[in-house]
Chemist: 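I'd like to ask you about the structure that follows.
Whatever order the structure lists them in is the order used to number ligands and atoms, beginning at 1. Since the structure is predicted, the reported quantities are computational estimates derived from the model, not experimental observations.
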Amino acid sequence: MSRLAPGVLREAVIDTSAITQNTRHLRALTRVEVMAVVKADGYGHGAVRSAAAALAGGATRLGVTDVAEALQLRRGGIDAPILAWLHAPGASFDEAAALGVELGISSMDQLQRAAAAASADRPVGVHLKVETGLGRNGIAPEDFGAVFAEAARLERIGRLRVTGLFSHVSNASPDDDRAALARFREASEAASAVGLAPRVRHLAATQAAIDLPEMRLDCVRLGLGIYGLSPFDDRTPAELGLRPAMTLHASVAAVRRVPAGHGVSYSYTYRTDRDTTLALVPAGYADGVPRQASNAGPVVIGGRRFRVAGRIAMDQFVVDVGDAPVSVGDEAVLFGDATLGAPSAREWADAASTINYEIVTRIGPRVPRREAQR
Ligand SMILES: *Cc1c(COP(=O)(O)O)cnc(C)c1O
């Protein structure tokens with residue numbers, strides 16, 4: 001039986017080779033440039049290691065939400081192009097410009113602040129973001145004329161380099177996404193009309209990149225897929241040729257034999273129905289194990305599958321293992337690669353009425369990340 005290293009209560013094991021292979025697979029499938037999205041600490045997998053692994057698999061760009069995340073990658077030694085697309089109101093872009101971070105631009109104000117951060121010998125690289133239906137940020141169609149013309153002027157005088165034009169889609173339906181693509185093409189024509197020629201046009205994240213070839217354009221922004229998870233309700237990672245990179249496991253911290261009728265965890269929402277063994281798993285909602293999955297989340301111990309018994313607490317939960325021979329120190333696997341017998345992040349998502357993105361991304365800072373040995 002598997003065990004964690006002595007002294008380790010819980011950990012997330014990150015298989016960076018899976019990230020590399022997933023990236024390689026999706027790059028071969030889409031046949032366009034891949035921007036690996038490593039925001040939110042690489043969806044909980046570690047931003048720098050995820051970025052390095054994706055670059056090794058053929059990604060040529062990185063995407064993050066905010067400039068602080070981009071700077072963290074630079075400090076971690078990553079020198080590939082990085083795009084950051086959500087900005088604090090009024091913040092200076094000086095540091096981003098100094099470290100060659102490209103900026104997603106959603107307004108005239110951001111455009112001017114980006115230009116203000118340019119130095120005499122180095123224009124700031126920008127990707128203009130256009131609104132195509134999601135109702136979030138992005139330059140509105142009525143502002144295309146003015147913002148694009150100003151971007152073209154700032155490019156001509158050497159303050160900006162307009163590298164990209166992009167938007168983001170809803171995945172509401174293929175038709176909705178195609179409507180966004182049509183709006184994107186209008187934006188693209190409006191940009192060309194004022195003399196802009198962005199080399200990298202990008203619209204699709206993992207779901208559209210896999211399912212809608214016409215959305216791939218010059219580049220796809222892949223998050224979930226590179227971590228080996230499926231954005232589709234009806235297709236597993238294995239069916240997409242992907243391998244989950246994160247395994248969350250913990251070391252059984254206590255076992256207790258109890259009689260029938262014994263209450264378990266806060267509020268006794270679970271009571272034993274026979275003589276049985278309770279195993280204590282030292283991971284709770286502070287670690288990102290969703291309390292919503294109380295009495296539901298799956299756990300594998302010693303190759304057998306169980307369910308959380310009772311409430312998930314801040315630091316721990318209980319599993320009713322019946323008469324299975326479970327001992328202190330045994331490995332309890334919460335999720336990982338289902339083809340290796342682990343529950344999937346998707347099952348936890350279903351148990352908690354959420355999506356697999358949230359399950360991996362919320363694994364908390366108290367959970368050490370360890371890279372899988374190869
Ligand atoms: C998070 C994000 C992505 C990646 O989405 P996935 O579905 O994880 O591939 C791509 N583009 C933008 C703008 C994002 O915010």
Chemist: What class does the angle between the rings of F93 and H87 fall in, given that below 30° is parallel, 30 to 60° is tilted and above 60° is perpendicular?
Modeler: perpendicular

Chemist: Surrounding CE of M314 (heavy atoms of other residues, nucleotides or ligands, distance under 6.0 Å), is the total greater than 12?
Modeler: no

Chemist: Near R256 CZ, under 6.0 Å, is it more than 12 heavy atoms from other residues, nucleotides or ligands?
Modeler: no

Chemist: Check the surroundings of atom CZ in R369: do more than 12 heavy atoms from other residues, nucleotides or ligands lie under 6.0 Å from it?
Modeler: yes

Chemist: Keeping the roles fixed (side chain from R199, backbone from T163), state whether a donor-acceptor pair exists under 3.5 Å.
Modeler: no

Chemist: Name the residues with a heavy atom less than 4.0 Å from ligand 1?
Modeler: V37, K39, Y43, W85, H168, A205, T206, R221, L222, G223, L224, Y357

Chemist: Using residues 319-328 as the side-chain source, report each donor-acceptor pair under 3.5 Å to any protein atom, sequence neighbours left out, with the distance given to one decimal.
Modeler:
residue : atom : partner : partner atom : Å
D320    : OD1  : R274    : NH2          : 3.4
D320    : OD1  : T276    : OG1          : 2.5
D320    : OD1  : G322    : N            : 3.0
D320    : OD2  : Y270    : OH           : 2.6
D320    : OD2  : R274    : NH1          : 3.3
D323    : OD1  : R257    : NH1          : 2.9
D323    : OD1  : R257    : NH2          : 2.8

